Amino acid sequence: AYSKKRASEIYFSIPITVSGLTIFVRTDSPVAFDYDDNNAFAGMTFCSALGYTFAAGFQPMLDAGKIKLDRISDMKSCFEFIRLKRGDALVINKHVGWNMVKSLYKKPPYPVRALKEHELSVYHLAVTRHHPKALQILSKFNQAIEKMEKFGVIEQIINRQLAYSDEPAK
């Protein structure tokens with residue numbers, strides 16, 4: 001994810017796509033689908049995979065000790081972490097999250113449900129500023145992305161490879 005801190009070390013391409021980060025909870029979670037604010041999660045333990053950026057909107061609560069964060073090896077394990085009641089929630093791209101749910105649990109009823117989109121996440125190609133051809137790589141990549149966007153190719157790829165279903169909240 002782009003940040004001013006990372007931008008000092010990394011060049012970012014133009015945005016490839018924007019997708020909503022969604023919070024997944026167990027089906028028996030007391031948090032409403034359209035919760036009012038992040039305080040609905042006070043006292044909960046979130047799971048995130050190593051290497052993933054945790055949702056920026058929760059950082060103040062994490063810093064204040066109002067929520068906990070457990071980092072484990074991968075996001076599929078986070079879904080199991082939630083299902084087994086070792087944690088309460090996870091934040092993930094809605095497309096990837098629903099694909100993982102369907103891959104892990106095969107068919108409804110699923111042991112987890114998604115809440116409303118929490119925040120938007122912008123996806124870029126990131127190239128270290130130390131790479132000798134970083135700017136050349138980004139220039140060619142950006143040109144290709146612009147062409148693909150013009151012809152709707154990015155949307156087609158997302159729909160084909162990351163198709164998801166907005167499962168209704170229970």
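Bear in mind that the values here come from a model prediction, so they are computed numbers and not experimental data. Note that the numbering runs from 1 along the sequence shown for the chain.
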Under a 4.5 Å cut-off applied to non-hydrogen side-chain atoms, are Leu138 and Leu125 in contact? yes
With clusters defined by side-chain heavy atoms of hydrophobic residues (ILVMFWY) lying less than 4.5 Å apart, directly or transitively, does Phe151 cluster with Ile145? yes
Is it true that a side-chain atom of His131 and a backbone atom of Lys133 form a donor plus acceptor pair closer than 3.5 Å? yes
Can you tell me how far CG of Leu120 sits from OG of Ser19, rounded to the nearest 0.5 angstrom? 8.0 Å
Just by distance, no angles: are the side chains of Arg71 and Ser48 close enough, under 3.5 Å, to form a donor-acceptor pair? yes
For Val91 and Met75, which heavy atoms make the closest approach, and how far apart are they? O-CE, 3.7 Å
Okay, side chain of Arg6, backbone of Ala126: is any donor-acceptor separation there less than 3.5 Å? no
Compare all side-chain heavy atoms of Ser29 with those of Arg113 and state whether any distance is below 4.5 angstrom. yes
NE2 (His130) and CD (Glu9) are apart, to the nearest 0.5 Å, by 5.0 Å
Pair Glu117-Lys94, side-chain contact (heavy atoms from CB on, under 4.5 Å): steps then yes or no: CA-CA 8 Å; Glu117 285 186 14; Lys94 65 184 176 184; 2.6 Å; yes
Rounded to the nearest 0.5 Å, how far does CZ of Phe41 lie from CG of Leu62? 14.0 Å
Between CD1 of Ile14 and CD of Gln143, what distance do you get to the nearest 0.5 Å? 9.5 Å
Do Thr128 and Tyr11 have side chains that get closer than 4.5 Å, going by heavy atoms? no
Could you check whether atom CG of Asp28 has more than 12 heavy atoms from other residues, nucleotides or ligands sitting under 6.0 Å from it? yes
Is a donor on one side and an acceptor on the other found under 3.5 Å between the side chain of Lys85 and the backbone of Ile82? no
On a heavy-atom basis, the closest approach of Phe33 and Ala114 is CD1-O, 3.5 Å
For Tyr35, does the six-membered ring have the charged nitrogen or CZ of Lys116 within the cation-pi criterion, i.e. under 6.0 angstrom from the centroid and within 45° of the normal? yes
Just by distance, no angles: are the side chains of Glu146 and Asn142 close enough, under 3.5 Å, to form a donor-acceptor pair? no
Is the distance between the ring centroids of His118 and Phe58 less than 6.0 Å? yes
State, with a plain yes or no, whether a side-chain heavy atom of Met44 is found less than 4.5 Å away from one of Val31. yes
So which heavy atom on Val25 is nearest to which on Ala89, and how close? CG1-CB, 3.8 Å
Close side-chain approach of Thr27 and Val112, heavy atoms under 4.5 Å: no
Test item: Pro111 and Tyr105 side chains (from C-beta on) under 4.5 Å apart, heavy atoms: yes
Taking all non-hydrogen atoms of both residues, which atom of Val127 and which atom of Ala134 are closest, and how far apart? CG1-CB, 3.6 Å
Classify the ring geometry between Tyr110 and Trp98 as parallel (under 30°), tilted (30 to 60°) or perpendicular (over 60°). tilted
Nearest heavy-atom approach of Cys78 to Ala49 is SG-N, 4.0 Å
Nearest 0.5 angstrom please: Ile92 CD1 to Leu21 CG, how far? 9.0 Å
Do Asp88 and Phe46 come within less than 4.5 Å of each other through their side chains, counting heavy atoms only? no
Should Tyr123 and Val18 count as side-chain neighbours, where that means a heavy-atom distance under 4.5 Å? no
Looking at Glu155, I want to see if its CD is surrounded by more than 12 non-hydrogen atoms of other residues, nucleotides or ligands under 6.0 Å. no
Should Leu50 and Tyr52 be regarded as members of a common hydrophobic cluster, given that ILVMFWY residues are connected when their side-chain heavy atoms come within less than 4.5 Å of each other, either directly or indirectly? no
Would you compute the distance between atom CD1 of Ile10 and atom NZ of Lys5 and round it to the nearest 0.5 angstrom? 11.0 Å
Tell me whether the count of non-hydrogen atoms from other residues, nucleotides or ligands lying under 6.0 Å of CZ in Arg86 goes above 12. no
Taking every heavy atom of Lys76 against every heavy atom of Asp74, the minimum-distance pair comes out as N-OD1, 3.1 Å
